[in-house]
2 protein chains.
Amino acid sequence: MMKKNYIPCPVETTLQLLENRWRVLIIYDLIGGKKRFGELKRNISGISQRSLTLNLRSMEERGLIERKVYAEIPPKVEYTLSSIGRSLIPILKSMERWGTDYKKLPMPLPAKHSL
Amino acid sequence: MMKKNYIPCPVETTLQLLENRWRVLIIYDLIGGKKRFGELKRNISGISQRSLTLNLRSMEERGLIERKVYAEIPPKVEYTLSSIGRSLIPILKSMERWGTDYKKLPMPLPAKHSL
DNA sequence: CCGTATCCTTCCTGATACTG
DNA sequence: CAGTATCAGGAAGGATACGG
């Protein structure tokens, strides 16, 4: 199935880990330090509870974030970036910079809302 | 519908323009200079003709790329990055760098194939 | 060569309701 | 508070066939 000389492009490797726009925004939010589930939900505009849960689980499995559960009532869960997650920060920072500069342009492009 | 003090996050602005993984790979491929449709199709592993066409059209509309049609038989079309498209190069370069470094890790993470 | 037109499937996501 | 379970709608994307 695999072509003989197929060398996966490094950008593609990165995209496979970022996976979708929610995950990028989750990582971006976690740059500011540990966050509880509800905080992430509030900070990431438009994400559903289900999507947030699914993405957090998968990111945990892949080692991008760490999840710490406190045995308390009411429950408390904290999410943080792992060291691999933190290694992605430079990418996020370039995106942040670009988005900031872009807003200064005289003629904004039409932007759709999907990813 | 708009919350009073909603300030769209700059990262989200960037994500809205990148839109999906194919577009990121298209831009990445165009960094190397102008490309014909068939070249893009060959270089971007796994993309269908339909997806490539749709994404190129939308990227052209949004001003990320430029499309030049030569009135020849057989047809010839060349795609290049616009200046706004080129302004995204630093982001792509960080992704490239990250992907390259990541492959050197002793324990690769499980990578899924979707985006 | 560079597309467009259809069809079809799969995945994503939001909505909603319920629980430890 | 931080989830899980379920359902349904839509949109993205692939496969295929055909056209200028």
Side-chain angles (χ1 to χ4, degrees), chain A residues 1-3 12 15-27 29-30 34-62 65-80 110-115, chain B residues 1 3 12 15-27 29-30 34-62 64-80 110-115:
Chain A
M1 225 61 178
M2 195 104 148
K3 288 253 210 73
E12 187 144 14
L15 290 173
Q16 283 171 348
L17 257 101
L18 292 180
E19 181 91 6
N20 66 44
R21 86 186 200 107
W22 294 132
R23 298 194 189 187
V24 177
L25 294 172
I26 289 168
I27 296 170
D29 203 48
L30 288 178
K34 62 172 184 278
K35 294 281 163 62
R36 299 184 59 173
F37 184 90
E39 289 181 280
L40 290 169
K41 176 95 172 55
R42 258 175 283 117
N43 294 345
I44 300 170
S45 171
I47 195 169
S48 69
Q49 195 165 29
R50 172 186 157 84
S51 283
L52 182 55
T53 302
L54 291 176
N55 280 303
L56 288 171
R57 288 288 177 280
S58 169
M59 294 170 77
E60 189 192 358
E61 273 175 35
R62 297 204 202 172
I65 61 172
E66 278 151 22
R67 179 171 180 262
K68 181 166 185 186
V69 182
Y70 294 84
E72 301 175 359
I73 303 291
K76 178 176 165 184
V77 180
E78 279 175 356
Y79 295 92
T80 50
K112 302 228 211 106
H113 59 295
S114 53
L115 160 64
Chain B
M1 218 69 21
K3 287 251 213 76
E12 187 144 13
L15 290 173
Q16 283 171 348
L17 257 103
L18 293 179
E19 183 92 6
N20 66 44
R21 86 187 200 105
W22 295 131
R23 299 195 188 185
V24 177
L25 294 171
I26 289 169
I27 296 171
D29 203 49
L30 288 178
K34 61 171 184 276
K35 294 279 162 62
R36 299 183 59 174
F37 184 88
E39 289 182 280
L40 290 169
K41 176 95 172 55
R42 258 174 284 116
N43 294 345
I44 300 170
S45 170
I47 195 169
S48 69
Q49 197 164 30
R50 170 189 156 84
S51 282
L52 182 55
T53 302
L54 291 177
N55 280 303
L56 287 171
R57 287 288 176 281
S58 169
M59 291 169 78
E60 190 192 357
E61 272 175 35
R62 296 203 203 173
L64 291 177
I65 61 173
E66 277 150 22
R67 178 172 181 260
K68 181 165 186 188
V69 182
Y70 294 84
E72 301 174 359
I73 303 290
K76 177 175 164 184
V77 180
E78 279 175 356
Y79 294 93
T80 49
K112 301 229 212 104
H113 59 294
S114 54
L115 163 65

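Convention: sequence-line order gives letters A, B, ...; per-chain numbering from 1.
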Taking all heavy atoms of [X] and all of [Y], pick out the closest pair and write down the distance.
X     : Y     : result
A:K41 : A:I47 : NZ-O, 3.6 Å
B:L18 : B:R23 : O-CB, 3.2 Å
A:I27 : A:M59 : CG1-CE, 3.5 Å

### Task
With heavy atoms under 4.0 Å as the rule, sort A:Y79 into base, sugar-phosphate or nothing.
sugar-phosphate
Round to a whole Å and report the spacing from [atom1] of [X] to [atom2] of [N].
X     : N      : atom1 : atom2 : value
A:F37 : D:dG3  : CZ    : C1'   : 6 Å
A:K41 : D:dG3  : NZ    : P     : 13 Å
A:E72 : D:dG3  : CD    : C1'   : 16 Å
B:L40 : C:dC1  : CG    : C1'   : 13 Å
B:K68 : C:dC2  : NZ    : C1'   : 17 Å
B:R57 : C:dC2  : CZ    : P     : 12 Å
B:L52 : D:dA15 : CG    : P     : 14 Å
A:L56 : D:dA2  : CG    : P     : 11 Å

### Query
About how many Å separate CG of A:L17 and CD of A:E19, when rounded to the nearest 0.5 Å?
8.5 Å
### Task
Nearest 0.5 Å please: distance from the NZ atom of A:K68 over to the NZ atom of A:K76.
9.0 Å
Min side-chain heavy-atom separation [X]-[Y] under 4.5 Å:
X     : Y     : result
B:L25 : B:N43 : no
A:I65 : A:R67 : no
A:L52 : A:I26 : yes

### Message
Tell me the bend of the helix from C:dC1-D:dG20 to C:dG20-D:dC1 as the angle between end helix axes, each from five pairs, rounded to the nearest 10 degrees.
### Response
50°
### Query
Salt bridge or not for B:K34 and B:E66, using N-O below 4.0 Å?
no
### Query
Does A:R36 put a side-chain nitrogen or oxygen below 4.0 Å from OP1 or OP2 of D:dC1?
no
### Query
Reckon B:R23 has a side-chain N or O less than 4.0 Å from the OP1 or OP2 of D:dA12?
no
### Message
For a quick check, with a 4.0 angstrom heavy-atom cut-off, what is the B/S/- contact string for nucleotides 13-20 of chain C, read 5' to 3'?
### Response
BBB----B
